[in-house]
Amino acid sequence: MPSNDKKIKWGILAPGRIAQSFAQDLLSINDAELHAVASRDLKKAEAFNQTYQGQVAYGDYQSLMKDPLVDAIYIATPHAFHKTYTLDCLEHGKAVLCEKPLGLNSAEVEEMLQKAKEKNVLLMEALWTYFLPHYQHLLDFLKKGSYGKVLSVEADFGFYRDFDPNGRLFDKKLGGGSLLDIGIYPIFAALSILGMPDEIKAKATFFKSGADSSCDMEFNYKNGAIAKLKSTLLKETPTTAVITCEKGSIKLNTQFHRPTSICFTDASGKEDTIDFGVTTKGYNYETMHFNELIRDGKTESPIMPHEFSRKLMQLMDEVKEIIGLRYY
Ligand SMILES: NC(=O)c1ccc[n+]([C@@H]2O[C@H](COP(=O)([O-])OP(=O)(O)OC[C@H]3O[C@@H](n4cnc5c(N)ncnc54)[C@H](OP(=O)(O)O)[C@@H]3O)[C@@H](O)[C@H]2O)c1
């Protein structure tokens, strides 16, 4: 565990699109630094380091895991490889922050969580929204209960991309499809606000690759609450989340999964919008939390505990079962 006067040394495994945002925000954190980057292409890792002030470049992933100076590894491959590389990193005793979804199904997630437990090493799913100021504010507000019981959660996430059979979003071998990639956010919203549903309905459309192009979900709860959730790669959608309560409603403005403002409307119709003034892309919040966990010698996050990742995947598995989607 690094002493308090030592910076936490991060390694990035797979410097793709999201890894750039992660590295950009890492620059805003004082007690951490980008130590090493590993790509299947050494030149790419070197170029990434030039931009984001990394120290060491590796042309393969295993060398990064073996680097004794690395405290934490951020895994940003397509979903299909999250399990393999997480298991390898944990085996090497590295704390792992793995991109969402943690795995392709519950069996994979369970294997990853068990490995973290067995090695007594920190593992967290990088569901960054959970750590953002607006989302934490929302959860605190709901906990206080001033708007009464939550009656419904309506959340969507949609954008359009031209079909590319080899692209990460469309190729089932890479874990492609709307549900696992972006449907995870509306599901996350329902799970974090309403908990596990008692009944799930879902229907989907599919690309010719077999990956789901859109997925409409309805979660029903014994207490009468309902969640209407949607993901689509076929069109732009508002990408907002609306939480309706007995005595008011709360709207997480677009795009609800990233730093954004919240509009509160009380029973009289009075509106109040809060802007949280986030100046980064927002990835620094999950990273700062992770750094703290490392310094405290923790193996699990109290905000994003293993059980939450387990439930999130369980819900996606249930939806997959209903729509007839299997990855292998
Ligand atoms: N938290 C967020 O806001 C957010 C946003 C977007 C994506 N994500 C998650 O981050 C992960 C990566 O998404 P991305 O959009 O960054 O993907 P991306 O741009 O395609 O990058 C993925 C990287 O993985 C590596 N890789 C290893 N094996 C690969 C293979 N067989 N095919 C393709 N790439 C392979 C490649 O790096 P090298 O070739 O350099 O090794 C590639 O650059 C996904 O799991 C996604 O869910 C999260």
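In this text the structure is predicted, and so the values were computed from the model without any measurement. Scope of the values below: all heavy atoms of this structure, side chains included, with no hydrogens, waters or symmetry mates. We count ligands from 1, going down the list as the structure has it; atoms in each ligand are counted the same way.
- Residue-ligand proximity, W128 to ligand 1, at heavy-atom distances under 4.0 Å covers atoms 1 (N), 2 (C), 3 (O).
- With hydrogens left out, the protein atom closest to atom 47 (O) of ligand 1 is K100 O, 2.7 Å, a heavy atom.
- What sits closest to atom 22 (C) of ligand 1 on the protein, heavy atoms only, is A76 O, 3.4 Å.
- Taken from NE2 in H82 to CD in E108, the straight-line distance is 10.0 Å, to the nearest 0.5 Å.
- K172 contributes a side-chain N or O that, together with a main-chain N or O of R326, makes up a donor-acceptor pair within less than 3.5 Å.
- Annotation for H92 and M65: closest pair CB-O, 3.5 Å, computed over non-hydrogen atoms.
- Ring pair F170/F163 is perpendicular by interplanar angle, where above 60° counts as perpendicular and below 30° as parallel.
- Residue contacts with ligand 1: H82 is included, with a non-hydrogen atom under 4.0 Å away.
- For ligand 1, the polar-atom distance check against D41 finds no nitrogen or oxygen pair separated by under 3.5 Å.
- The nearest heavy-atom contact from the protein to atom 32 (N) of ligand 1 is L174 CD2, 3.8 Å.
- Heavy-atom contacts of P15 reach the following atoms of ligand 1: 40 (O) (cutoff under 4.0 Å).
- Remark: among candidates Y58, F81, Y61, F22, the nearest residue to atom 27 (C) of ligand 1 is Y61, based on non-hydrogen atoms.
- Atom 16 (O) of ligand 1 has I18 N, 2.8 Å as its closest protein atom, hydrogens excluded (heavy atom only).
- Remark: among candidates Y283, F48, Y85, the nearest residue to atom 3 (O) of ligand 1 is Y283, based on non-hydrogen atoms.
- Around atom 42 (C) of ligand 1, the closest heavy atom drawn from Q255, K44, H257, R17 belongs to K44.
- Taking CD1 from I226 and CZ from F219, the interatomic distance works out to 11.0 Å, rounded to the nearest 0.5 Å.
- What sits closest to atom 35 (C) of ligand 1 on the protein, heavy atoms only, is R40 NH2, 3.3 Å.
- The protein non-hydrogen atom at the shortest distance from atom 24 (O) of ligand 1 is P78 CD, 3.2 Å.
- At distances below 3.5 Å, at least one donor-acceptor pair connects side-chain atoms of D156 with backbone N or O atoms of T239.
- Within ligand 1, counting atoms from 1 as listed, the ones closer than 4.0 Å to a heavy atom of A14 are 23 (C), 24 (O), 25 (C), 37 (O).
- Protein heavy atom at the shortest distance from atom 11 (C) of ligand 1 is T77 O, 3.2 Å.
- Close to ligand 1: Y185, with a non-hydrogen atom less than 4.0 angstrom away.
- Under 4.0 angstrom from ligand 1, there are no non-hydrogen atoms of L180.
- Ion pairing of K222 with D198 is present here, as a side-chain N (NZ or NE/NH1/NH2) and a carboxylate O approach within less than 4.0 Å.
- F157 and H257 have tilted rings, their planes meeting at an angle from 30° to 60° on a 0 to 90° scale.
- Residue, atom and distance of the protein heavy atom nearest to atom 21 (O) of ligand 1 are G16 CA, 3.3 Å.
- Scanning both residues, L180 and H79, for their nearest heavy atoms gives CB-CD2, 3.9 Å.
- Side chains of L97 and F22 form a contact here, defined as non-hydrogen atoms less than 4.5 Å apart.
- With distances taken over non-hydrogen atoms, the option nearest atom 13 (O) of ligand 1 out of H79, E286, R168, E99 is R168.
- Under 4.0 Å is where a charged nitrogen must lie from a carboxylate oxygen, and between K94 and D67 no such pair does.
- Where the criterion is an N or O separation shorter than 3.5 Å, residue side chain and backbone included, A38 fails it with respect to ligand 1.
- The only member of Y74, F131, W128, F290 that meets ring pair (Phe, Tyr, Trp, His ring centres under 6.0 Å) when paired with Y283 is W128.
- For ligand 1 and D181, the ligand atoms under 4.0 Å from any heavy atom of the residue are 46 (C), 47 (O).
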Stepwise side chain to side chain donor-acceptor pair (under 3.5 Å) test for D212 and S178 | CA-CA 6 Å; D212 64 294; S178 82; 2.7 Å; yes
